Amino acid sequence: MQITKVARMLAAARHMGPELEQKSYTVMALLDGGMLRRHKSWLKAEPPAIVVATIGSLSQLLEKQILKLDSLRVLVVDEVDFLFKSSKQLSSLRKLLTSYSSCNNRQTVFASASILQHRRFRHDCIQQKWTKGDVVHVHVNRIMPMPACLYHRFVICGRKAKHQVLLSLLQSDLPESGIIFVGEQSEKSKKSGQAPSTTAVIDFLRASYEGSLDILLLEEDMNFNSRAASLTDVRKGDGYLLVSTDIVARGIDLPETTHIYNFDLPKTAIDYLHRAGRTCRKPFSDKKYYVTNIILSEERFVLQRFENELMFHCEELTIETQG
């Protein structure tokens, strides 16, 4: 939805330059859970120049031959490292790259903030015929993965004090808007009927937080309409505290976010990088932005490993909590 909106803004610019033909481009969004019949009639009535899709929705139309990629000129695969790690989407992605379209007839762009072992990845791209042989690796920021105006902090506390520490941080930081990342609920916890950690954090903040920011929830188990409604509320322009799992860690563009709180540490340094990347997104801004980690004493070595891998320094904070 976010990418489609930007694509339509760009496509609406009819004056492409004096030397180029003046025309507009139709942009079609294929979202999971969409109506096949509606997509079919749209494709027949007005074939789009640009399609923005999830792997699942695109594969569904290709398998039913409602959409064909015979005339595909450019294929962009965003968050490519995540998709290649997803067993659910890997088979569909490989078919998209090799069966439904040929790399010889298109330009292929693989994008992510975190393509590890890029030389090996580039070799695989050529060997597997995902791309042509003349692959170019483009670094946007070769040296520093983290922006210089992003400050990293941590607070060590006991497990039972984490909610109160979070509240104290919100009261002292006064963020314009913030995202609170909570770990995914384990399968064991789900089967035992326990409430997810996101619910516990949301309930605590709604009972204890007295600031002016709206408290909103976004997690994977929510249906599409609920997720869309939460993001619409976030983008209304008022300040927000968004409690979320890693579903928000990649790609979501919320430029008003000034503070990230890792209520639970992410599993990997790459996940940390993507969570931190949800803030500090206003171009040319001289503001300070913060990522704050609420950790147990035994988790300090994990955070140090992230610091070494991503080349940033994390400052320890001491928080006095009430009660």
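Just so you know, these numbers come straight off a predicted model, no measurement behind them.
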*Asks:* Can you list, by chain and residue number, the hydrophobic cluster partners of V136 when the side-chain cut-off is 4.5 Å?
*Replies:* V138

*Asks:* Restricting to side-chain hydrogen bond (donor to acceptor under 3.5 Å, both in side chains), what partner residues turn up for S102, sequence neighbours left out?
*Replies:* none

*Asks:* Pair up each side-chain donor or acceptor in residues 198-207 with any protein partner under 3.5 Å, not counting sequence neighbours, and list the distances.
*Replies:*
from: T198; atom 1: OG1; to: E219; atom 2: OE1; distance (Å): 2.7
from: R206; atom 1: NH2; to: I215; atom 2: O; distance (Å): 3.4

*Asks:* Answer with yes or no after comparing the ring centroid distance for Y209 and H163 against a 6.0 Å cut-off, counting only values under it.
*Replies:* no

*Asks:* What ring-ring contact (aromatic ring centres under 6.0 Å, His included) pairs are there with at least one residue in residues 174-193, not counting sequence neighbours?
*Replies:* none

*Asks:* For R119, what residues pass the salt bridge (Lys or Arg N to Asp or Glu O under 4.0 Å) criterion, not counting sequence neighbours?
*Replies:* none

*Asks:* Under the rule for side-chain contact (heavy atoms from CB on, under 4.5 Å), what residues qualify as partners of C157, not counting sequence neighbours?
*Replies:* A161, K162, V165, I294

*Asks:* Name all residues meeting the side-chain contact (heavy atoms from CB on, under 4.5 Å) criterion together with E46; count only those two or more places apart in sequence or in a different chain, and write none if there are none.
*Replies:* T26, W42

*Asks:* List in chain and number order the residues that pass side-chain hydrogen bond (donor to acceptor under 3.5 Å, both in side chains) with K287, two or more places apart in sequence or in another chain; answer none if no residue qualifies.
*Replies:* E176

*Asks:* In the hydrophobic cluster built from side-chain contacts under 4.5 Å, what are the other members alongside Y290?
*Replies:* Y151

*Asks:* Got a sec, which residues hit side-chain contact (heavy atoms from CB on, under 4.5 Å) with V6, two or more places apart in sequence or on another chain?
*Replies:* L10

*Asks:* Who pairs with I50 by side-chain contact (heavy atoms from CB on, under 4.5 Å), at least two apart in sequence or on another chain?
*Replies:* Y25, V27, V52

*Asks:* When clusters are formed from ILVMFWY side-chain contacts under 4.5 Å, directly or step by step, what else is grouped with I126?
*Replies:* V135

*Asks:* Would you call E299 and R305 a salt bridge, taking side-chain N to carboxylate O under 4.0 Å as the test?
*Replies:* no

